[in-house]
Each structure stands twice: as structure tokens, then as C-alpha cells.
Amino acid sequence: DHRDLHSFPTRRSSDLTLHFIAVLGFATSVAASAASAQNWTFGLGTDGAHASDEQEAASLEGVWTDAPRGTFAGFDYGWGAGFEVDADGDVWAGAGLHAQRDFDAVRLSLSIMPGLYEAGTSDTELGGPVEIRSRLGVSVAAGQGRLGLSYAHISNGGLYDDNPGKNAAYLTYGWAY
């Protein structure tokens, strides 16, 4: 009975990404039950529109932030987690620092979150699986939530030899609970 090594399943980076997203979701739900004044923000937009070598695709982002843990330079800061997925199947998920500051009716939010990235069908390779997502958002009160715009950049920050980066712009809606 001879078995071909190619017949055995191999662990793919997409499996790693799916496991990471599952762990991130669990950790987010546990943290959400322990803290108060969390926020969810979802955005619909496009990625790749800002670089000539990227293929443009519809994109979805989700960002969860916990209650502020402190204040620095007028910004309330705390922990957050997020994901980004586009129509080409590119997926990023991570967790890190989030900060926000209210200027009367306008809120400015910033985040930097290391995470894992998996290229989809467009083969938008970013150099490796560990990628850092930085995000800038501006929003205003709208009903029970906040309507805004955000801009996100994913890159590996020089962790790998190849570091092309990926950009996305979103129309967002968020709410506190």
C-alpha cells in the first residue's frame, strides 16, 4: 500500500487566516461582554483605487473598539479589532490600538492593528502573511450612530523584502452599544 505524499492534505495559509478570524471573533465577543461603551463600525467601499498596480474591487470593513482605557494628547485610546475583505477574496483580520477625539460634532479616529492577510483571486500579494493595517476615519452624528468616511492602508512595514501595500476608502456607519 503506497501512498502518494501529494494526496495528504496540507495546511494552507487560508486555513491559518480562517482560524485567526475565528479566534479574533471569540476574543472580541469575550472582551465585549466584559467592557462597556464598545463601538462597531462597518464600511462599504473600494480598494486598489489609489495605486496604478492594484486591481480595484468592492470592499467591506468592520472595526470593533472597546471602551477607552486612557487619554493622550486629547485622544481617547483603547483596544480594537477589525477585518477587511474584498470582492476578489483578499482578507485581512487583526487587533491593536485605536484612538479617537471629538471636535464638537466631528469625530476623528485612528488605529494601527497588526494582523494576518490572505490574497484572494486577484493575487494581490503584500509580501507575507503578517500585515499591519493603519486607518484614519472621520464621522459625524447621524441618528443613533455615526456616518463617516475612512481610509485604510495595509502593508508589512518592511518585514518582508516585498512591500507593495494596499489602500482602501470606505463610507462608514457606526454605533455604540
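Atom CG of D162 has more than 12 heavy atoms from other residues, nucleotides or ligands within 6.0 Å. Heavy atoms from other residues, nucleotides or ligands lying under 6.0 Å from CZ of F72 number 12 at most.
L110 and F75 get closest at one heavy-atom pair: CD1-CE2, 3.8 Å. Between R146 and S139 the shortest heavy-atom distance is NE-OG, 3.0 Å. A pairwise comparison of heavy atoms in M113 and S111 identifies CE-CB, 3.9 Å as the closest pair. Scanning both residues, R135 and S109, for their nearest heavy atoms gives NH1-OG, 3.6 Å. The two residues Y77 and T71 make their nearest non-hydrogen contact at CE2-N, 3.4 Å. P114 approaches I112 most closely through the heavy-atom pair CD-O, 4.1 Å.
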Can you check side chain to side chain contact (heavy atoms under 4.5 Å, CB included) on V130 and Y160, steps first, answer last?
CA-CA 9 Å; V130 177; Y160 309 104; 3.4 Å; yes
Is there a salt bridge (charged side-chain N to carboxylate O under 4.0 Å, His left out) between E61 and R133? Walk through the geometry before answering.
CA-CA 11 Å; E61 76 165 344; R133 184 176 192 252; 2.6 Å; yes
Test D90 against Y117 for side chain to side chain contact (heavy atoms under 4.5 Å, CB included), laying out the working first.
CA-CA 7 Å; D90 298 341; Y117 173 81; 3.4 Å; yes
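To the nearest 0.5 Å, atom OG1 of residue T46 and atom CG of residue L44 are 11.0 Å apart. To the nearest 0.5 angstrom, S59 atom OG is 6.5 Å from K166 atom NZ. Taking CG from L149 and OH from Y170, the interatomic distance works out to 13.0 Å, rounded to the nearest 0.5 Å. Once rounded to the nearest 0.5 Å, the distance linking OG1 of T172 with CZ of F42 reads 11.5 Å. Atom CG of D47 sits about 6.0 Å away from atom CD of E84, to the nearest 0.5 Å. Summarising the geometry, atom CD1 belonging to I154 is positioned 11.0 Å from atom CD1 belonging to I132; distances are rounded to the nearest 0.5 Å.
The hydrophobic clustering, which links ILVMFWY residues whose side-chain heavy atoms are closer than 4.5 Å, places Y173 and V138 apart. Hydrophobic clustering of Ile, Leu, Val, Met, Phe, Trp and Tyr side chains at less than 4.5 Å, counting indirect connections, unites L136 with V106. Put simply, V63 and L97 are part of two different groups of oily side chains (I, L, V, M, F, W, Y) that touch within less than 4.5 Å, one to the next.
One N or O on the side chain of N156 and one on the backbone of G158 form a donor-acceptor pair closer than 3.5 Å. A donor-acceptor contact shorter than 3.5 Å is absent between the side chain of N39 and the backbone of T65. In terms of modelled atom types and a separation under 3.5 Å, the side chain of T121 and the main chain of D88 share a donor-acceptor contact.
With sequence neighbours excluded, no residue forms a side-chain hydrogen bond (donor to acceptor under 3.5 Å, both in side chains) with T41.
Between W175 and Q144, the closest side-chain pair of non-hydrogen atoms is not below 4.5 Å. Put simply, the side chain of V91 does not reach to within 4.5 Å of the side chain of F83, judged on heavy atoms. Side-chain contact between S155 and L126 is absent, with no heavy atoms from C-beta onward closer than 4.5 Å.
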